[in-house]
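Below, each value reflects all heavy atoms present in this structure, side chains not excepted, and no hydrogens, waters or symmetry copies.
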Amino acid sequence: MSIRVNDQYVSSFIRNEEYAQLQPMVNAAHELLESRTGAGSDFLGWTTLPVDYDKEEFARIKAAAKKIRKTCKVFIAIGIGGSYLGARAVIEFLKSPLYNNMKKKTPDIYFAGNNISAAALDELVRLCEGKDFCINVISKSGTTTEPAIAFRVFRGLLEKKYGKEGARERIFVTTDRQKGTLKHFSDDAGYETFVVPDDVGGRFSVLTAVGLLPIAVAGIDIDALMKGAAEGMNAYNDPDLAKNDCYKYAAIRNILYRKGKQTEILVGYEPYAAMLNEWWKQLYGESEGKDQKGIFPASVIFSTDLHSLGQFIQDGTRNLFETVISVENGGVSFEIPNDPDNIDGLNFLSGMDMDQVKKTAMQATLLAHVDGGVPNVLIEMSDRSEEALGQLIYFFEKACAISGYLLGVNPFNQPGVEAYKKNMFALLGKPGYESMKADLEARLE
């Protein structure tokens with residue numbers, strides 16, 4: 001297995017009998033998931049997705065990615081939330097957060113439609129000037145404000161630069177299979193389309209066309225990514241906590257939550273893990289944060305954030321725990337040079353590999369934080385490969401589903417997300433929201 005949960009840094013906070021007491025609830029959650037009888041059962045397509053996916057579409061994704069790599073210097077992925085975070089997380093984890101600045105044979109990849117920022121949109125428009133570019137708009141409906149605005153802008157730029165016929169060859173759409181504004185518009189315009197599955201929610205969609213097309217454009221082996229996820233699917237199917245690390249992680253989270261640990265901090269020790277942290281935060285925050293329940297998902301990148309948030313984690317409010325991802329084989333060596341003058345006093349590190357120093361810092365931090373009263377769950381990842389990351393993605397998705405059921409919520413809906421949208425539409429004067437507008441404006445006075 002590429003993923004292993006090491007519980008030695010949480011063992012002093014959880015008694016063995018607490019796992020035994022929770023086991024019947026885990027069995028019940030497992031049965032809800034497997035029988036598809038639990039809340040949100042219409043959105044369980046992700047559970048078998050690693051083996052039960054559309055092979056014809058998968059081949060088209062690879063063909064489209066090859067075409068994009070051949071014809072474009074810049075690729076713009078337009079989407080928000082689950083239509084954005086998964087792809088970016090995988091690209092930065094497997095390639096680099098500096099991907100666009102590196103020498104490569106694949107296009108630069110930028111992400112648009114994930115904010116309401118004039119400055120950010122203007123910068124992306126200027127980055128495309130004088131360059132061949134393609135876009136992939138990702139939206140179930142096509143009417144979500146942020147990506148819809150970005151699609152208007154970049155579609156207009158493509159049509160101005162290449163004409164409608166030429167633009168058609170550079171616009172790729174990932175949307176509903178049959179219905180919705182964007183689907184109908186794309187069919188009429190003749191764009192190549194890919195499917196957002198009806199039974200896979202946005203935050204679980206990274207291994208569908210939603211994430212796979214941008215990932216493939218970056219030159220990442222999507223076959224290996226799916227293979228790793230399939231390995232996870234096969235491995236994480238026994239409800240016994242002693243045999244299933246995925247379920248054990250879900251159990252640990254819930255046991256600690258019941259002890260007042262209401263914040264979970266996902267810890268990465270590499271800058272390339274930052275966007276994976278962001279994807280994880282949406283996955284768990286949107287799945288569990290409802291009915292006035294839930295563990296608040298936060299994240300840090302150490303050792304960077306040890307110099308900013310380390311003090312709070314070590315000595316602050318004891319309502320948190322950490323989940324640490326350790327990549328055992330990072331694939332890169334960097335020897336620390338010797339300084340004959342030893343002006344920084346660090347010659348005791350001369351000749352050491354920087355990865356060794358990082359792992360020592362991680363061990364020191366684990367011990368310090370446990371001593372400070374912070375439980376730590378260590379997730380050991382074999383290497384920085386497509387297979388290992390595919391397995392980790394499935395690990396987090398399934399643990400999230402089990403954890404949500406243990407918490408007593410529907411892990412697959414997001415009713416609270418709509419509240420701000422309704423207020424925004426009313427204040428902006430969208431037709432149909434007139435009755436709300438006056439009341440909202442009065443409240444803002």
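- A donor and an acceptor atom, one from each side chain of Arg177 and Thr193, are nowhere located under 3.5 Å apart.
- For Ser299 and Lys281, the side-chain atoms include at least one donor-acceptor pair closer than 3.5 Å.
- Ion pair Arg60/Glu192 flagged as a salt bridge, since at least one NZ, NE, NH1 or NH2 atom sits closer than 4.0 Å to an Asp/Glu carboxylate oxygen.
- Here the shortest heavy-atom pairing between Leu406 and Val26 reads CD2-N, 3.8 Å.
- Under a 3.5 Å cut-off, the side chain of Lys398 and the backbone N or O of Tyr236 do form a donor-acceptor pair.
- The closest donor-acceptor contact from the side chain of Thr175 to the backbone of Ser139 lies under 3.5 Å.
- Counting non-hydrogen atoms of other residues, nucleotides and ligands closer than 6.0 Å to CZ of Arg258 gives a total above 12.
- Counting only N and O atoms by type, the side chains of Tyr84 and Arg88 include a donor and acceptor under 3.5 Å apart.
- Atom CG of Leu127 sits about 9.5 Å away from atom CG of Asp122, to the nearest 0.5 Å.
- Side chain to side chain, Ser403 and Glu288 meet the donor-acceptor criterion of an N or O pair below 3.5 Å.
- Taking the ring centre of Tyr272 as origin, the terminal cationic atom of Arg384 falls inside the region bounded by 6.0 Å and 45° from the ring axis.
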Start with the C-alpha distance between Thr323 and Arg253, add both sets of side-chain angles, then the distance that settles side chain to side chain donor-acceptor pair (under 3.5 Å), and finish with yes or no. CA-CA 9 Å; Thr323 295; Arg253 299 179 76 252; 5.9 Å; no
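- How far CG of Leu225 is from CD of Gln391: 11.5 Å, rounded to the nearest 0.5 Å.
- To the nearest 0.5 Å, the span separating CZ on Phe93 from CD1 on Ile393 amounts to 9.5 Å.
- The main-chain N or O of Thr208 is never found under 3.5 Å from a side-chain atom of Ser205 such that the two would form a donor-acceptor pair.
- Between His30 and Asn237 there is a side-chain heavy-atom pair separated by less than 4.5 Å.
- Judged by the 6.0 Å distance and 45° axis criteria, Lys248 is positioned over the aromatic ring of Tyr19.
- Geometrically, Lys73 does not engage Phe133 in a cation-pi contact, judged by NZ or CZ lying under 6.0 Å from the ring centre and within 45° of the ring axis.
- In the model, Glu231 has no side-chain atom that pairs as donor or acceptor with a side-chain atom of Ser2 under 3.5 Å.
- Between Phe194 and Ile61 the shortest side-chain heavy-atom distance falls below 4.5 Å.
- In this structure, Arg170 forms a cation-pi arrangement with Tyr162, its terminal cationic atom sitting closer than 6.0 Å to the ring centre and no more than 45° off the ring axis.
- Taking 4.5 Å as the limit, every side-chain heavy atom of Val173 sits out of range of all side-chain heavy atoms of Ile138.
- At a threshold of 4.5 Å between non-hydrogen side-chain atoms, the residues Thr144 and Pro147 count as touching.
- Counting only heavy atoms from C-beta outward, the side chains of Val267 and Asp305 never approach each other to under 4.5 Å.
- Taking a 6.0 Å sphere around CD of Gln178, one finds it holds 12 or fewer heavy atoms contributed by other residues, nucleotides or ligands.
- The existence of a salt bridge linking Lys140 and Asp176 is confirmed by a sub-4.0 Å separation between a basic side-chain nitrogen and an acidic carboxylate oxygen.
- Under the 4.5 Å side-chain criterion, counting only non-hydrogen atoms from C-beta, Val370 is not in contact with Pro375.
- Atom CG of Leu44 sits about 9.5 Å away from atom CD of Glu34, to the nearest 0.5 Å.
- Counting only distance, with no hydrogens or angles, the side chain of Asn244 and the backbone of Asp238 share a donor-acceptor pair below 3.5 Å.
- Applying the side chain to side chain contact (heavy atoms under 4.5 Å, CB included) test between Ile91 and each of Ile220, Val217, Thr106 identifies Ile220 as the sole match.
- Between the side chains of Asn136 and Thr174, a donor-acceptor pair is found at a separation under 3.5 Å.
- No side-chain donor from either of Thr365 and Gln363 sits under 3.5 Å from a side-chain acceptor of the other.
- Comment: Lys227 does not engage Asp223 in a salt bridge, judged by the lack of any side-chain N to carboxylate O separation of less than 4.0 angstrom.
- The only option from Phe43, Tyr284, Phe412 that meets the ring pair (Phe, Tyr, Trp, His ring centres under 6.0 Å) definition with Phe204 turns out to be Phe412.
- Taking both residues in full, the closest heavy atoms of Val332 and Asp353 are given as O-OD1, 4.4 Å, listed atom of the first, atom of the second, then distance.
- Side-chain polar atoms of Asp240 and Tyr247 form no donor-acceptor pair below 3.5 angstrom.
- A donor-acceptor pair is defined here as one N or O able to donate and one able to accept, closer than 3.5 Å; such a pair exists between the side chain of Asn376 and the backbone of Val374.
- The environment of Lys421 atom NZ is dense: over 12 non-hydrogen atoms of other residues, nucleotides or ligands sit within 6.0 angstrom.
- The aromatic rings of Phe302 and Tyr269 sit perpendicular to each other, their planes meeting at more than 60°, with 30° as the lower class boundary.
- When all heavy atoms of Ala150 and Ile78 are compared, the closest pair comes out as CB-CG2, 3.8 Å.
- The two residues Ala229 and Leu207 make their nearest non-hydrogen contact at CB-CD1, 3.5 Å.
- For Cys134, the disulfide (SG to SG under 2.5 Å) partners at least two apart in sequence or on another chain are Cys72.
- The two residues Gly79 and Asn114 come nearest to each other via the heavy atoms O-CB, 3.5 Å.
- Annotation: side chain of Met436 is not in contact with side chain of Phe425 (no heavy-atom distance under 4.5 Å).
- Rounding to the nearest 0.5 Å places CD of Glu380 at 4.5 Å from CG of Asn6.
- With values rounded to the nearest 0.5 angstrom, Thr304 atom OG1 is found 10.0 Å from Glu270 atom CD.
- Here Arg15 pairs with Glu17, Glu18 under the salt bridge (charged side-chain N to carboxylate O under 4.0 Å, His left out) rule; sequence neighbours left out.
- Donor-acceptor pairing under 3.5 Å is lacking for the side chains of Thr48 and Tyr53.
- The main-chain N or O of Leu320 is never found under 3.5 Å from a side-chain atom of Thr263 such that the two would form a donor-acceptor pair.
- Counted within 6.0 Å of NZ on Lys160, heavy atoms from surrounding residues, nucleotides or ligands total 12 or fewer; the atom is thus considered open.
- For the residue pair Tyr110 and Glu123, no side-chain donor N or O sits within less than 3.5 Å of a side-chain acceptor on the partner.
- The aromatic rings of Tyr394 and Trp46 lie tilted to each other, with the angle between the two planes from 30° to 60°.
- Side-chain atoms of Glu31 and Asn27 include no donor-acceptor pair closer than 3.5 Å.
- Contact annotation: the side chain of Tyr249 approaches that of Val377 to within less than 4.5 Å [non-hydrogen atoms, C-beta and beyond].
- In terms of heavy atoms, Asp245 sits closest to Ile3 at OD2-O, 4.5 Å.
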